[in-house]
Structure formats: C-alpha cells, structure tokens
Number of protein chains: 2
Amino acid sequence: MGGIQQNGAMEYLLLTDRSNIYYPAHELGTLEPHMPRPKEFNPDDAIEKAMQVFWHKGYEATSMEDLLSAMDLNRGSLYDTFGDKRTLFLKVIDRYCTTFAGPKFSLLDQPGPALPTLRHFINGMIEGGLADPQRRGCLIANTVMELSPHENEIAGTLRQAIHRIEETFFKVLTRAKEQGELTQDKDPRALARFLTTMMQGIIVMIKAGASAEVVKQTAETALSILG
Amino acid sequence: MGGIQQNGAMEYLLLTDRSNIYYPAHELGTLEPHMPRPKEFNPDDAIEKAMQVFWHKGYEATSMEDLLSAMDLNRGSLYDTFGDKRTLFLKVIDRYCTTFAGPKFSLLDQPGPALPTLRHFINGMIEGGLADPQRRGCLIANTVMELSPHENEIAGTLRQAIHRIEETFFKVLTRAKEQGELTQDKDPRALARFLTTMMQGIIVMIKAGASAEVVKQTAETALSILG
DNA sequence: TAGTGTGTGGAATGAGCGTTCCATAATGAC
DNA sequence: GTCATTATGGAACGCTCATTCCACACACTA
C-alpha cells in the first residue's frame, strides 16, 4: 500500500523569473488551455523547511501543526502539494539524500591524493555535526533508529542510502590503493564498511552529547587503521 | 519539573513465597496496623514487559494501550504503581542499565587474559544483536537517538550509561596493557572511546538491516586496531 | 463476622492528532 | 470583463492519545 510518486523533486518546473511561481510539470504538455493560479510558495523551499523539522524532532514527534508553521503554509496547500505526512517524509528523505548528503559525498570523487581527501571529508563531517547547536546528527541515521524496524519501505530507502555511502568510501579507498597510498594488505571493501559503521557510531556519540575532544580523538583512532 | 523517584527498582519487597504478592516497602515501618490488599502482579515482571515494548517500538510510538496489554494489567494499577508514561520509561531505562546491560559488561571484569575476553564480549554482543528477529538494537542507543536532543534529564542518564561503558572498556584495556597483551604505544583511553563509538555504529548498522557477514567483517576490522 | 483500606477494571475526560472539506480569493486565458 | 481553475485559510471530523476517576472486589485485622 502507499503510492509514493516516483520523483517528487522534479514534479515542478520554474516557469518565470518570479521565484515563487510554480506549475505542476505534468500540466505542461496537456491540451488544457488555462494556466492555473500559481502557488504562492516555493515547494523546494517548503520541503527544505520540513526537512529541518523532521531532522530536529524525528518523524513521530513532528506534528502537522509543526510542519504547517515551519513551512509557513496552510493545510490545504500542504496536503494538495505533498500528500499526507508519511508521503511528505519520504520526499524529505529523498531530498536529504540527493541535495544534502549526496553532494557532500561527491567531494570524495575528486582526483588527486585520496587519503588526505578522505580524512578531510570525515573531519569536516565531524566539525559540522559538533557545530550544530541542536546536535541533530544525520537524518538517515536518526530515521534508521526510529523507523527501520516498522517501516519496510522507508527501511529499504535508508539501506540504499547507506549502501551508497559504503560504495563512495570503497571507490576512494580503491583509488588510494591504486595510487599506493594504502598498503597491499589492506582490503578496501572491509575498510569501506568499517568507515561507514564508524560514521554512524560518531553520529550517535554526537547526539549523546560527547565532547569535541572525545569525538575527534575517536576519529583519529579510527583513521589510524588506514596505516 | 518531574519528580522521578530515586530508585524504583527497590520500591517493593517480596514478603511471602507466593511469587506475585508484594507490599510497598515504605509501609513496612509505619504505625499502620492494616496490611493492604496485595498486588496481583509482580512489579519487576511488569517493568520487564514494559521494557520489551519500549525497546521494540521506542518511546513516542509506544501507547499506554500497548503497555497495558503487554504488562497485562489495568490502567489503575499501572498509574498507581509506576506513575505516568515518562516516569515508567525512566524506570525502564534504569532497569535496562542495571539488570540487563550492566551484568553483560561485568563479564569484562573477570581476571585472566583481557583481550580474548574483550573480543569474546564484542562478538557475543554482535551475535545477540543479529539473532534478535526484531533487530531492536540497544535501548540506550535507541533512546539517545530519539530523545536526547529534547529530554535533558533522560539525556543525562544515557550519557552516564555510555560513560560507564567507556570506563569498562578502559579498565579491561588497561589490564591488557599491564599484562603485556597491548603494546606500549597503545592508549587505553583512546581505544576505549573508539570501541564505545564502534559499538554504537554496529547497533545502527544492525538496525539498518546489515547482513551478519558485513557486521562481523566490520567488527574484525575494528578489533584489528588492538594489534 | 465486621470493618478498613487498597487493588482492580472500566468508563469518562479533554487535549491533540492527521486528515478532509468547502467557501472564498486570486489568477491567467479568452 | 467574464470564465475556468487552482490556491488559500480555516472550520470540522473522527480518532487516539495520556490521564483521571470511581464503584466494586478483595484481603487482612480485630
């Protein structure tokens, strides 16, 4: 059951230079002569706001009232545009993966020395996590912990997201080995899985209120395994 | 605000050999000539049942209805004996730490070779986590992720629990170093923090549905850091 | 056996939840 | 200006939530 649309992020197209006027993309090729009244809000911005709320409070603890006021729109518009709470949450997860986490991980694809890039990436992630005054951690990890055992569809999406993280680590570690930055006895697959798990652990510790010193020392210890 | 009682676990004393008859401990020394009607349930067993539900579903997603049917008692008895939902949850957390997690960690205090004991402990924890068909993970980690950012009191309790884990690892690693199982360049404090974080990460991965192979390989990689 | 006080079971409460619906406002096409 | 169509804002719905309350059952004392 469910009917999640295949790609919420591309449902709307910007037509004019006025930043908050949008039309449903599926209307563009029809015989319909009339253009509907434009939305007064930017759906992408609204999803972004919803993401912040879910990220901060989690799925269950976030009420539609919370979303309504954070997204600054009314019930009718929210339900017409994004569907119900669960559907909106799926779109939020999608957006978090594609426009938030994805670009950060793509930094690892850059050519050049692999291990310094990897270390820089992980330290940056930790700095970011510690700098957040709300210690929200990572929306993917938060949702795994809250919903994975009960929501199979969401669990599948999250498994894919985590697998993409492992693959990104695997690619950069394989490159490191090819470039002689990693000794021959090292297994990029095992190390990729290790780093993926380590990142999740660090997120938990950050949410638990661990000090910057402890988290950074732990990351150093973990990275020492690269040799 | 809140009024959590200092130690719910010791509130009741077993008086007879009939296993489900209990009296409030604070009544025993009073002038009261009458003994009240005994409870028909065992409060410890009831807390145990409540723990299973919170562990499986999390705090927000667990309803009083869920608790009532799992604990097999009625509203009046639940509220009279355990207080409201939040108070009951605090008692559950306390019980999880003292009678569930605590004894497992105390296995690490045994004399003899330290590192094999440590490896055995960690592998056992992973086997246990993987064997749980519900993949509930760890109540402490689950609660950190769900409530830490919003519930200061609970967050403090969880921080203490995690600190005790670190201390237990620290003790066994210090012993390992003293016994020559760990080379002199290793830092027991850093390694204890590393293992604590790693355990949290493994819990997330288990909840995310990672395969036994992946989790075990990851643990092996992590433990290889001990030398 | 009578009296006392607590446990039990279930009804009742009021607040908050996610969701639906509709009169009205506003827009672009003609 | 008129029409068609959509967005808006808010009222209203049915449900579930945590919690309170009370008549009754029961155990123990005297």
Side-chain angles (χ1 to χ4, degrees), chain A residues 1-3 11-13 15-16 18 20-28 30-43 45-46 50 53-54 57-90, chain B residues 2-3 11-12 15-16 18 20-28 30-43 46 50 53-54 57-90 92:
Chain A
M1 48 188 106
E11 174 99 8
Y12 292 87
L13 285 181
L15 283 192
T16 77
R18 284 189 287 162
N20 59 345
I21 309 287
Y22 291 81
Y23 289 105
H26 55 75
E27 297 266 4
L28 291 177
T30 69
L31 305 173
E32 202 59 51
H34 289 289
M35 284 301 206
R37 174 181 170 191
K39 288 184 192 302
E40 290 183 6
F41 63 94
N42 180 328
D45 290 351
V53 183
F54 279 127
K57 306 189 74 173
Y59 179 77
E60 294 278 0
T62 296
S63 68
M64 293 303 284
E65 214 64 41
D66 293 333
L67 293 167
L68 253 23
S69 66
M71 299 166 84
D72 197 30
L73 40 85
N74 56 64
R75 292 181 147 66
S77 301
L78 198 160
Y79 278 91
D80 283 356
T81 310
F82 303 107
D84 63 11
K85 185 185 178 185
R86 190 170 173 281
T87 307
L88 171 61
F89 186 69
L90 284 163
Chain B
E11 176 96 10
Y12 292 87
L15 283 192
T16 79
R18 282 190 287 162
N20 59 346
I21 309 288
Y22 292 82
Y23 290 105
H26 54 74
E27 297 267 4
L28 291 177
T30 69
L31 304 173
E32 202 59 51
H34 292 288
M35 285 300 206
R37 174 180 168 190
K39 288 184 192 299
E40 292 182 4
F41 61 95
N42 180 327
V53 181
F54 279 127
K57 304 188 76 171
Y59 180 77
E60 295 279 0
T62 296
S63 68
M64 293 304 284
E65 213 65 41
D66 293 334
L67 294 167
L68 254 23
S69 67
M71 299 165 82
D72 197 29
L73 40 85
N74 57 65
R75 290 179 150 70
S77 303
L78 198 160
Y79 277 92
D80 283 354
T81 310
F82 303 107
D84 63 11
K85 183 184 176 184
R86 190 172 172 282
T87 306
L88 171 60
F89 186 69
L90 284 164
V92 161

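So you know, we letter chains A, B, ... as the sequences are listed, proteins then strands, and number each from 1.
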Practice item. State whether A:Ser77 places a side-chain N or O below 4.0 Å from either non-bridging phosphate oxygen (OP1 or OP2) of D:dA7. Key: no

Revision key, fill the gap. Assign each of B:Lys85 and B:Gly76 the nucleotide of DNA chain D bearing its closest heavy atom; nearer the 5' end lies the nucleotide of B:Lys85

Check your understanding: Of the nucleotides C:dT8, D:dT19, D:dT8, which one has an atom closest to the side chain of A:Asn74?
Key -> D:dT8

Check your understanding: Rounding to a whole Å, what distance do you find between A:Met64:CE and D:dA11:P?
Key -> 18 Å

Exercise for review: With the side chain of A:Arg75 defined as its heavy atoms from C-beta on, choose the nearest nucleotide among D:dC17, C:dT19, C:dA11.
Suggested key: C:dT19

Check your understanding: Between C:dC17 atom P and A:Tyr59 atom OH, what is the distance in whole Å?
Key -> 14 Å

Point to revise | B:Tyr79 OH - C:dG7 C1' separation (whole Å) | key: 17 Å

Practice item. Measure from CZ on B:Phe82 to P on D:dT19 and round the result to the nearest Å. Key: 15 Å

Check your understanding: Is a side-chain N or O of B:Thr62 found less than 3.5 angstrom from the main chain of B:Gly58, in a donor-acceptor match?
Key -> yes

Check your understanding: Are B:Glu60 and B:Lys85 ion-paired here, with the side-chain N under 4.0 Å from a carboxylate O?
Key -> no

Point to revise | No-hydrogen, no-angle side-chain donor-acceptor test under 3.5 Å, B:Asp66 and B:Ser63 | key: yes

Revision key, fill the gap. Whole-Å distance, B:Met71 CE to C:dT8 P, equals 12 Å

Practice item. Round to a whole Å and report the spacing from CG of A:Asp84 to P of C:dC21. Key: 14 Å

Point to revise | Check: B:Thr87/B:Asp84 side-chain N/O donor and acceptor closer than 3.5 Å | key: yes

Review point. So which nucleotide from C:dT19, D:dT19, D:dT8 ends up closest to the side chain of A:Asp80?
Key: D:dT8

Review point. What integer distance in Å separates B:Leu67:CG from D:dA18:P?
Key: 8 Å

Exercise for review: Check the distance between C:dT19's P and A:Phe89's CZ and give it to me in whole angstrom.
Suggested key: 14 Å

